[in-house]
Amino acid sequence: QPMSSIWHVARKEMAAFFSSLAAFIFIGVFLAVCLFVFFWVETFFARNIADVRPLFEWMPLLLIFLVSALTMRLWSEERRSGTLEFLMTSPVRPVYLVLGKFFASLGLIAIALALTLPLPITVSLLGPLDWGPVAGGYVATLCLAAAYISIGLFVSARTDNQVVGLIVTALICGAFYLVGSDALTKLFGNWGGEALKLLGSGSRFESITRGVIDLRDIYYYLSILGVFLVLNVYALERHRWSESGHRSRHFYWQAGAALLIANLLAANTWLHQVNWARIDLTEGRIYSVSDTTRAYLAQLEEPLLIR
């Protein structure tokens with residue numbers, strides 16, 4: 001039973017998180033940094049604006065280090081303690097092991113995010129709060145965390161040194177963030193900067209936190225998630241081959257993994273042309289053209305330039 005196997009692995013990993021101090025340290029640090037940024041760095045009360053954008057502005061950078069610390073031991077500890085060989089010879093397929101560890105990590109982050117809900121609720125009591133960007137912020141955080149977790153799982157499966165896993169995961173996640181950051185896009189022209197923003201995890205994150213759920217942004221994170229989960233399963237399969245000596249299936253696994261990764265990445269190019277699959281959650285739909293404006297635009301008989 002695939003779902004029961006995934007659930008069993010996820011429950012085991014979640015129990016391991018809370019049986020030690022790992023889960024409590026992660027949640028405590030996450031909440032402490034969020035509160036510090038919200039009230040101190042972004043000076044919420046001095047801004048005199050009823051919104052929770054400061055809660056999510058620093059989230060891409062915060063998740064880089066927290067997710068790296070969370071995932072660095074998931075496979076490295078199995079390799080160091082020698083239990084990975086036992087798992088590879090168990091009847092549970094590697095894909096179920098990967099998904100179980102993934103959902104356990106994502107569940108821990110979801111719990112930490114749920115504990116931040118009193119912030120927007122309190123802000124809504126102080127002033128009129130637009131819940132669209134709030135919902136977008138939580139969706140963007142979960143998508144970004146899922147992508148980072150998949151990267152951390154793959155890196156952890158490739159090394160038995162937890163410190164190396166932490167550093168390499170942070171570097172890869174940081175590279176995805178820097179590609180679309182303003183510090184890098186400003187060095188290129190308009191076309192080059194826009195192209196880099198399409199590749200950056202931070203720029204996609206900002207797009208969703210506005211309160212606009214775009215299929216292209218969601219799939220961007222799903223493609224990263226899919227690519228690194230495939231690489232993770234492939235890395236575990238390679239470990240199984242080295243133990244059992246069955247090499248006849250190597251080519252099929254390599255070709256299948258490469259083809260699946262290529263399709264996951266190529267779908268981003270195809271979806272780039274789809275600009276209608278979006279939901280504007282903001283109050284008043286401020287990021288969408290109104291029906292009245294569309295009617296006026298339809299009546300234009302020649303190009304109109306507005307400065």
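What's counted below: heavy atoms across the whole structure, side chains too, no hydrogens, waters or symmetry copies.
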So, for [X] and [Y], which heavy atoms are closest and what is the spacing to 0.1 Å?
| X | Y | value |
| --- | --- | --- |
| Leu55 | Cys34 | CD1-CB, 3.9 Å |
| Ala257 | Val230 | CB-CG1, 4.0 Å |
| Thr71 | Gly152 | OG1-CA, 3.3 Å |
| Pro94 | Glu237 | CG-OE2, 3.3 Å |
| Val92 | Ser5 | CG1-CB, 4.3 Å |
| Thr293 | Ser290 | OG1-OG, 2.9 Å |

| request: Kindly determine whether Leu62 and Glu57 satisfy side chain to side chain contact (heavy atoms under 4.5 Å, CB included), including the steps that lead there. | output: CA-CA 10 Å; Leu62 174 62; Glu57 285 181 354; over 6 Å; no

Do [X] and [Y] have side-chain heavy atoms sitting under 4.5 Å apart?
| X | Y | answer |
| --- | --- | --- |
| Glu13 | Leu74 | yes |
| Leu231 | Ile261 | yes |
| Arg216 | Asn275 | yes |
| Lys101 | Leu97 | no |
| Thr141 | Thr209 | no |
| Thr116 | Leu31 | yes |
| Thr159 | Val168 | no |
| Leu99 | Leu229 | yes |

Joint cluster assignment, [X] & [Y], ILVMFWY side-chain distance < 4.5 Å:
| X | Y | value |
| --- | --- | --- |
| Ile213 | Tyr287 | no |
| Phe36 | Met59 | yes |
| Phe102 | Leu236 | yes |
| Val289 | Ile286 | no |
| Tyr219 | Val179 | no |

Distance (rounded to the nearest 0.5 Å) between [X] [atom1] and [Y] [atom2]:
| X | Y | atom1 | atom2 | answer |
| --- | --- | --- | --- | --- |
| Leu126 | Ile49 | CG | CD1 | 13.5 Å |
| Phe65 | Cys173 | CZ | SG | 10.0 Å |
| Asp217 | Glu206 | CG | CD | 11.0 Å |
| Leu70 | Leu166 | CG | CG | 11.0 Å |
| Tyr221 | Ser150 | OH | OG | 12.0 Å |
| Leu196 | Lys186 | CG | NZ | 14.0 Å |

Heavy-atom donor-acceptor pair, [X] side chain to [Y] backbone, under 3.5 Å:
| X | Y | result |
| --- | --- | --- |
| Asn232 | Phe228 | no |
| Ser203 | Leu199 | no |
| Ser156 | Trp75 | yes |
| Arg11 | His8 | no |
| Tyr138 | Ala110 | no |
| Asp160 | Arg79 | no |
| Thr169 | Ser68 | no |
| Tyr220 | Leu198 | no |
| Ser181 | Leu178 | yes |

| Leu144 vs Ile208, side chain to side chain contact (heavy atoms under 4.5 Å, CB included): CA-CA, chis, key distance, verdict | CA-CA 11 Å; Leu144 182 63; Ile208 302 177; over 6 Å; no

| request: Would you please classify the geometry between the Tyr234 ring and the Trp253 ring as parallel, tilted or perpendicular, with 30° and 60° separating the classes? | output: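 Tilted, since the angle between the ring planes falls between 30° and 60°.
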
| Parallel under 30°, tilted from 30 to 60°, perpendicular over 60°: which one fits the rings of Phe205 and Phe56? |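 Rings of Phe205 and Phe56: tilted, 30 to 60°.
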
| request: Verify side chain to side chain contact (heavy atoms under 4.5 Å, CB included) between Ser124 and Trp131, making sure each step is shown before the conclusion. | output: CA-CA 9 Å; Ser124 66; Trp131 283 94; 3.8 Å; yes

| said: Under the criterion side chain to side chain contact (heavy atoms under 4.5 Å, CB included), I'd like the reasoning laid out for Leu113 against Phe30: C-alpha separation, chi angles, the key distance, then a yes or no. | reply: CA-CA 9 Å; Leu113 276 177; Phe30 180 84; 3.8 Å; yes

| message | For the residue pair Ser288 / Arg278, report whether a side-chain donor-acceptor contact shorter than 3.5 Å exists. | response | yes

